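Everything numeric in this text was worked out from a predicted model, so none of it was measured. Scope of the values below: all heavy atoms of this structure, side chains included, with no hydrogens, waters or symmetry mates.
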Amino acid sequence: MSYCALIKQISEKCGARFSPDYPLGEKTTYGTGGNADGALFPETAEQAREIVGLLESNSVPYVFFGAGSNVLVSDGGFSGAAVCSEGLKGVSVSGKTLVAGAGVSLKELLKSALYSSLGGLEFLSGIPATVGGAIAQNAGCYGKSAGDYVSYVVTASGIYPRKECGFDYRESVFKTRKEFIVSVCFSLENVEFDESQEKIEKYLKLRSKKNPKGRSCGSVFKNDGFFAGKLIEQSGMKGVSVGGARVSEKHANFIVADNSATSGDIKKLIDLIKNTVKEKTGADLSEELEYIGDFNT
């Protein structure tokens with residue numbers, strides 16, 4: 001069943017941009033997977049609220065989509081609508097407060113903070129995500145997380161003060177409650193331009209040194225009480241491949257896809273890693289990446 005015509009009607013009612021047969025998989029950092037029936041691009045909180053309400057009242061399945069840096073789309077695509085954040089742009093600064101639209105890239109966010117002499121988020125340098133996706137996933141590294149600097153989050157359904165965001169390791173209420181993030185208010189600290197720029201460069205170098213090159217989603221598994229990459233390496237999985245997907249020899253928590261890879265290859269390799277690590281070490285690995293579409297066929 002295709003929902004394309006219904007999604008188009010919803011776009012016309014809301015005045016939101018619409019794209020039919022949207023190549024969702026191509027928009028991810030893996031570059032694998034099929035299309036959504038249609039994509040909607042809200043530009044305001046009101047539009048987002050109306051879109052989500054109409055999708056639900058018309059029983060149209062939907063997913064939220066940002067930069068596609070932490071998702072795997074099924075080869076069969078997604079039967080329903082992709083509600084995309086790319087139209088939610090803009091950054092404003094007042095004192096130590098910075099408000100950014102969900103569709104702003106982390107690179108843009110850090111540049112705005114840098115030129116406003118605001119610091120704290122430099123550890124996010126080099127992560128190819130949007131503000132909305134980074135907050136929903138509570139992205140982070142080196143012992144820091146994006147949620148640590150949030151003052152409040154505006155979603156399609158309302159405003160969440162930080163204490164109601166449910167931030168935990170790679171988790172937030174925005175994932176569990178399926179909330180579409182519209183904008184985020186960060187509470188930052190005054191820093192000298194040179195100091196902040198030096199930190200950004202340091203984190204970019206660390207990421208370049210540690211992360212393998214090629215198409216990936218970053219770390220596939222959570223480091224939840226252990227280092228997933230170390231367990232994968234100890235289980236003899238480095239360099240193991242399924243089709244066009246391969247466990248990186250440089251960092252075992254990365255799966256790198258070549259031009260022949262399919263999402264099915266990547267999913268089969270993920271399952272193989274989980275089963276092998278469980279058998280060899282007794283540990284249960286849990287994915288950081290999110291799945292979109294049906295992987296049971």
J.: Is the side chain of Ser235 donor-acceptor paired with the backbone N or O of Leu231 at a distance under 3.5 Å, no angle test?
T.: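 Between the backbone of Leu231 and the side chain of Ser235 there is a qualifying donor-acceptor contact (under 3.5 Å).
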
J.: Could you tell me if Arg215 sits above the aromatic ring of Tyr30, with its cationic atom closer than 6.0 Å to the ring centre and no more than 45 degrees from the axis?
T.: no

J.: Quick test of your reading: applying salt bridge (charged side-chain N to carboxylate O under 4.0 Å, His left out), list the pairs with at least one residue in residues 101-127, sequence neighbours left out, ordered by first then second residue.
T.: Lys89-Glu108

J.: Identify whether Phe64 and Val60 are in the same connected component of the hydrophobic contact network (ILVMFWY, side-chain heavy atoms under 4.5 Å).
T.: yes

J.: Go through the side-chain N and O atoms of Tyr152 and Glu164 and say whether any donor and acceptor fall under 3.5 Å apart.
T.: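 The answer is no; no qualifying pair exists.
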
J.: Would you say Val131 and Val99 are hydrophobically clustered, going by side-chain heavy atoms of ILVMFWY under 4.5 Å?
T.: no

J.: If hydrophobic residues (ILVMFWY) are linked whenever their side-chain heavy atoms come closer than 4.5 Å, directly or via other members, who joins Tyr169 in its cluster?
T.: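 Under the 4.5 Å side-chain rule, Tyr169 groups with nothing.
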
J.: Salt bridge check: are Lys238 and Glu233 linked by an N-O gap of less than 4.0 Å?
T.: yes

J.: For the residue pair Tyr160 and Glu179, confirm or rule out a side-chain donor-acceptor distance under 3.5 Å.
T.: yes

J.: Run through Ile135, Thr155, Val154, Thr44 and flag the one making a side chain to side chain contact (heavy atoms under 4.5 Å, CB included) with Ser183.
T.: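 With Ser183 as partner, side chain to side chain contact (heavy atoms under 4.5 Å, CB included) holds for just one option, Val154.
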
J.: Any salt bridge linking Lys178 with Glu56? Criterion: basic side-chain nitrogen under 4.0 Å from a carboxylate oxygen.
T.: no

J.: When you check the gap from the basic side-chain N to the acidic O, do Lys175 and Glu171 get nearer than 4.0 Å?
T.: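 Between Glu171 and Lys175 there is a salt bridge, with a charged N closer than 4.0 Å to a carboxylate O.
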
J.: State whether Glu195 and Lys199 are salt-bridged, where the test is any N-O pair (Lys NZ or Arg NE/NH1/NH2 against Asp/Glu carboxylate O) under 4.0 Å.
T.: yes

J.: Would you list the pairs meeting ring pair (Phe, Tyr, Trp, His ring centres under 6.0 Å) in which at least one residue belongs to residues 261-294, sequence neighbours left out?
T.: Tyr291-Phe295

J.: Can a salt bridge be assigned to the pair Asp148 and Lys144 using a cut-off of 4.0 Å between side-chain N and carboxylate O?
T.: no

J.: Can a side-chain donor-acceptor contact be found between Ser187 and Ser151 if the only test is distance below 3.5 angstrom?
T.: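 Side-chain D/A pair, Ser151 to Ser187: absent.
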
J.: Is there a path from Tyr142 to Phe254 through hydrophobic residues (I, L, V, M, F, W, Y) whose side chains come within less than 4.5 Å of each other?
T.: no

